[in-house]
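Some notes on the structure that comes next.
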2 protein chains.
Amino acid sequence: MDITEELDERKVKILNAVIQTYLDTGEPVGSRTISKSSDLKLSSATIRNEMSDLEELGYIIQPHTSAGRIPSDKGYRFYVNHLLEEKDAEINEIKDLMILRTEKMEKVLKQVVKVLANNTQYASIISAPAISGNKVKFVQLSAVDEQHILSVVVMEGNLIKNKMIEIDEPLDAETLLKLNMLLNTNLNGLTVHDINLTLIARMKEEAGEFEPIIENVLNTIADTIGEDEKIEVYTSGATNIFKYPELADSEKASRFLTTFEEKESIIDLITEVQSEGDATGTGIQVYIGEESPIAGMRDCSVVTATYELGEGVKGTIGIIGPKRMDYKNVMSNLKNLKRQLDHTLKQQE
Amino acid sequence: MDITEELDERKVKILNAVIQTYLDTGEPVGSRTISKSSDLKLSSATIRNEMSDLEELGYIIQPHTSAGRIPSDKGYRFYVNHLLEEKDAEINEIKDLMILRTEKMEKVLKQVVKVLANNTQYASIISAPAISGNKVKFVQLSAVDEQHILSVVVMEGNLIKNKMIEIDEPLDAETLLKLNMLLNTNLNGLTVHDINLTLIARMKEEAGEFEPIIENVLNTIADTIGEDEKIEVYTSGATNIFKYPELADSEKASRFLTTFEEKESIIDLITEVQSEGDATGTGIQVYIGEESPIAGMRDCSVVTATYELGEGVKGTIGIIGPKRMDYKNVMSNLKNLKRQLDHTLKQQE
DNA sequence: GTTAGCACTCAATAATTAAGAGTGCTAATA
DNA sequence: TATTAGCACTCTTAATTATTGAGTGCTAAC
């Protein structure tokens, strides 16, 4: 698949011209168009011969006998790997990402994904950072009223979790203080996975008569943190596909949008992405057509970037669009966003 | 618009038959169909005459000269107001709505709206309860580390809000305690609107050298609570419109889905709904076609219910579907859901 | 190796036709 | 007087048939 291997310079130029033109117009491109538009001084007949070769090599396809050519998945792949020059896009800034309060975080992610969809005009997705490896920083129980105490857990990165716990009879201030100390001494610096049975047993023992409360709190902590194991995904701009005629007929649109609404398969994609490397060496992954792991999106291309807010705290951001998407713009957008998200944590530590 | 006014019994029967049939098939219905299917023993010619009258009266419409009739908005309206019999649908239960923690709340709402979309097979929306009139129940500041204190505000109905506040220099435990007392004594039982300048001035004075912190906390509270002034809306099942051919061509679908994705106009709808009464006397509002306040949804009908979790804490739940929707099923579903949501708070108090 | 020229192919569009559902009207009927 | 049968007419939908034109592949000349 190397440039020099099977394509001479002229073929590469022609292939590039075909793809570029197709990205613009969305119509199959013919030999005459290339002959006129490109800087190669060649007649359409010559181009035709070359295009015939390129088709034989699998880079372009003829949708039917007497039509121009469109890029094949292989063609796009070549384009992405070899022909794409980076472009440094201006992109709307993201502010205030500093504090990882879940609620806040969610708003920020919604905002980011909206900006991305807006910038690229493609359907966009972002997954919330998975925090399973994250450490407990601070725990506090407070008496709210006679039947309720509130547990607040702050994780590394200032992610905050609350839970209301029902109790049978009121706790006095002293007991509460004791419990708080007990919790903080034992849990501080631990991840959810570290909270094992031995520890729980020991804490229960120390708690004495308040054992049920400790148990409740620990469950609560495990629960609330565990909740985030299932990845949250936010999306925006799904309806942009109507802007691309090749995807806009109602059958395809229906399939696409339904897949998009059911977020499960997107989560699959996201997790797959996170575990894979990237071929381009830019921190960006590109799936073209059939390469995509999601069945409902075989007519599309998917471009994703994985951002990392800290050890084990990873999320993915990506866009889904027609194969003839503006890869250049998309990739620089994602790169930028990735940089910003990556940078965010540094600022905070 | 009363039954006896302009429609005799037979006309009503025929109108009913037309609408019922149209709801089933989605095709214009002709005189012969009615003649055969209904229990009236009349020939198609007679039916034709009656239908001609019904058209003149505005209850049904002929899409073109030689087609059957379809219900007009007025026809649907008549159907909804007079012909619809209630049906008590079984509906999946909703559990665990007890605690209004924002995060939790959100998950519950997402769940509810999904269930609704699933039950009805129409696009569904639900708005989170607006809490602006809600009272402060409990405030707590905790030192998390040297640069951060965490403010936790619990509102009536156990809605919890957190905010991390940055500070320049550490606070000792005693000061924190003092501040906590100050905050709780002054704010307890107040709504956001009650926190006025006079009160703020007095609290600042009492706070002495810690005035900046109090200010920060108060702003925080106002901010965090104020955030909810803009109504959150959750949606599900938007892609169901592809199930209804009359809405599924890509232009209409695009318009609809785009409106649906931009939640702004839905919020308009929701707020409008909350301020209006309902004509049916069932706590359910029905907008048919042009009656809808949303331009992008003039081809649809909208059915909504307002639920109330307590004084001033209101939300709206609704579905959007084709005009020929199964009003009976939708309305009973909404009614049920409304009851469950209404009931929820009682359980909690 | 490149190019001009030409016959051929095939999708897309438009035009034509055919079928059928449904109406409105009239005249006959109970 | 209300109902019905019958028939001509309308208009959509689907199917069929040109028409067009972009684009190719091939051949022969440069």
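Computed from a predicted structure; not experimentally measured. So you know, we letter chains A, B, ... as the sequences are listed, proteins then strands, and number each from 1. Side chains are part of it too, since the values below use all heavy atoms of this structure and drop only hydrogens, waters and symmetry mates.
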Table please: side-chain donor-acceptor pairs of residues 62-71 of chain B below 3.5 Å, with sequence neighbours left out.
unit_1	atom_1	unit_2	atom_2	d
B:Gln62	NE2	B:Thr65	O	2.6
B:Gln62	NE2	B:Ala67	O	3.1
B:Arg69	NE	B:Glu55	OE1	2.9
B:Arg69	NH2	B:Glu55	OE1	2.9

Practice prompt. Could you check how far NZ of B:Lys11 sits from P of D:dA2, rounded to whole Å?
Written response: 11 Å

Worksheet item: Rounding to a whole Å, what distance do you find between A:Leu42:CG and C:dA4:C1'?
Response: 15 Å

Worksheet entry | Inter-axis angle, terminal five-pair segments of the helix from C:dG1-D:dC30 to C:dA30-D:dT1 [nearest 10°] | 20°

Discussion item. Output the rounded distance in Å from CZ (B:Arg10) to C1' (D:dT4).
Written reply: 12 Å

Fill in: Heavy-atom pair with the smallest gap, counting every atom of B:Asn329 and B:Ser332
O-OG, 3.1 Å

Worksheet item: If every non-hydrogen atom of A:Thr259 is compared with every non-hydrogen atom of A:Ser265, which pair is closest and at what distance?
Response: CG2-OG, 3.3 Å

Fill in: Separation of atom CD1 in B:Ile34 from atom C1' in C:dG22, rounded to whole Å
13 Å

Discussion item. In this structure, how many angstroms lie between the P atom of C:dG20 and the NE2 atom of B:His64, rounded?
Written reply: 16 Å

Discussion item. I need the A:Asp299 CG to A:Leu247 CG distance, nearest 0.5 Å.
Written reply: 6.5 Å

Worksheet item: For nucleotides 16-30 of chain D, read 5' to 3', which letter fits each nucleotide if B means a protein heavy atom sits under 4.0 Å from the base, S means only the sugar-phosphate is that close, and - means neither?
Response: ------BSBB-----

Worksheet item: Counting N and O atoms only, with roles assigned by atom type, does the side chain of A:Tyr244 sit under 3.5 Å from a partner on the main chain of A:Tyr122, one being a donor and the other an acceptor?
Response: no

Discussion item. In this structure, how many angstroms lie between the P atom of C:dG22 and the CD1 atom of B:Ile70, rounded?
Written reply: 14 Å

Discussion item. Closer than 3.5 angstrom, by distance alone: can the side chain of A:Ser44 be matched with the main-chain N or O of A:Arg32 as a donor-acceptor pair?
Written reply: no

Worksheet item: Within a strict 4.5 Å, meaning less than it, do heavy atoms of the A:Thr46 and A:Arg10 side chains meet?
Response: yes

Practice prompt. Any chance you could measure B:Asn16, atom CG, to B:Phe78, atom CZ, to the nearest 0.5 Å?
Written response: 9.0 Å

